[in-house]
Amino acid sequence: MLAEPLRSLALSTKGFMPGDEGDALHAAALRAADAVPDAPFVEIGSYCGRSTIWLGDAARTAGTVLFAVDHHRGSEENQAGWEHHDDEVVDPAVGRMDTLPFFRRAIHDAGLEGHVIAVVGLSPLVAAHWSTPAAFVFIDGGHGVEPARADSAGWTPHVALGGTLAIHDVFPDPADGGRPPYDDIYLPAIESGRFRLDTVTGSLRTLVRVA
Ligand code: SAH
Ligand code: MG
């Protein structure tokens, strides 16, 4: 569990990570770092840095780093007119979302600038040029079918053997939420035989790479 006062800072940061799921993410990342020493963590989808505080603290504790990948322009579901839109994160000069200043402030306030490396860009593009095996990969980027498939294809191969894949917003029951994280990331990972389910906390699933 993330210690105070950082836990309160995380919970007061704009974002979509509930406290119990953040704590589960933190614990899973610490276990993954034990299983796969000297390997970095990767987060896909940081938004304003809320989940990043949990993972960045785990990286600091484990003596590793977290690469936080986001184009900071928001997912489809974050855009004006959609359910998860917040007008405060729109850059009026550009007329588009820009969560990077919020993210940067949160990581500064958390004292995590030495352990969190922002990678600002398109997740599939970053994945295509990525080659370092990761102890922990957390996928919480775009939740449409195409972004979910791209993140699944692009990032699951980079989880080291014995490392952990975490997926957010996994809803087996369609009544609870959107399908792609479940249909296009979680199920293919399990069905591939490369991952086995480790923990379930709310909509967070952690899977250990076994093959
Ligand atoms: N993990 C965050 C929430 C992430 S919201 C929290 O706990 O609060 C999803 C994020 O994914 C958004 O910030 C959006 O900009 C980013 N995103 C969506 N599609 C992306 C893509 N193709 N490449 C990079 N980032 C993407
Ligand atoms: Mg999420």
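Whatever order the structure lists them in is the order used to number ligands and atoms, beginning at 1. If you're wondering where the values come from, they're calculated on a predicted model, not measured in any experiment.
Scanning the protein for heavy atoms near atom 9 (C) of ligand 1, the closest one is Asp140 O, 3.3 Å. The protein non-hydrogen atom at the shortest distance from atom 17 (N) of ligand 1 is His71 CE1, 3.7 Å. Atom 23 (N) of ligand 1 has Ser123 N, 2.8 Å as its closest protein atom, hydrogens excluded (heavy atom only). Summary of contacts: the protein heavy atom closest to atom 12 (C) of ligand 1 is Asp70 OD2, 3.4 Å. The protein heavy atom nearest to atom 19 (N) of ligand 1 is Gly142 N, 3.4 Å.
With a 4.0 Å heavy-atom cut-off, ligand 1 is reached by the backbone of Ser46 but not by any atom from C-beta on. Both the backbone and the side chain of Ser51 come within 4.0 Å of ligand 1, counting heavy atoms alone.
Checking only distances, Phe16 does come within under 3.5 Å of ligand 1, N or O to N or O. Residue Pro124 has no nitrogen or oxygen atom sitting less than 3.5 Å from a nitrogen or oxygen atom of ligand 1, judged on distance alone.
Of the candidates Ala127, Gly121, Gly22, Gly141, the one placing a heavy atom closest to atom 24 (C) of ligand 1 is Gly121.
Side-chain contact annotation: Ser75 with Trp82, donor-acceptor N/O pair under 3.5 Å absent. At a cut-off of 3.5 Å, with distance as the only test, no side-chain donor of Thr201 or Asp20 sits close to an acceptor on the other residue.
Close approach of ligand 1 to Leu122 (heavy-atom distance below 4.0 Å) involves ligand atoms 23 (N). With ligand atoms numbered from 1 in the order given, ligand 1 contributes 1 (N), 2 (C), 4 (C), 10 (C), 11 (O) to contacts under 4.0 Å with heavy atoms of Gly45. Less than 4.0 angstrom separates some heavy atom of Arg50 from each of these atoms of ligand 1: 8 (O). For ligand 1, the atoms sitting less than 4.0 Å from at least one non-hydrogen atom of Gly15 are 8 (O), numbered in the order shown with element in parentheses. Residue Ser75 approaches ligand 1 through these ligand atoms, each under 4.0 Å from one of its heavy atoms: 9 (C), 10 (C), 11 (O), 12 (C), 14 (C), 15 (O), 16 (C), 17 (N), 18 (C). Every atom of ligand 1 is numbered from 1 in the order shown, and the set under 4.0 Å from a heavy atom of Met17 is 7 (O).
A donor-acceptor pair under 3.5 Å is formed between the side chain of Arg50 and the backbone N or O of Met17.
Considering only residues two or more places apart in sequence or on other chains, His108 meets the ring pair (Phe, Tyr, Trp, His ring centres under 6.0 Å) condition with none of them.
The name of the N, O or S atom in Asp140 nearest to the Mg ion (ligand 2) is OD1.
For the Mg ion (ligand 2), the N/O/S atoms of His143 include none lying under 2.8 Å.
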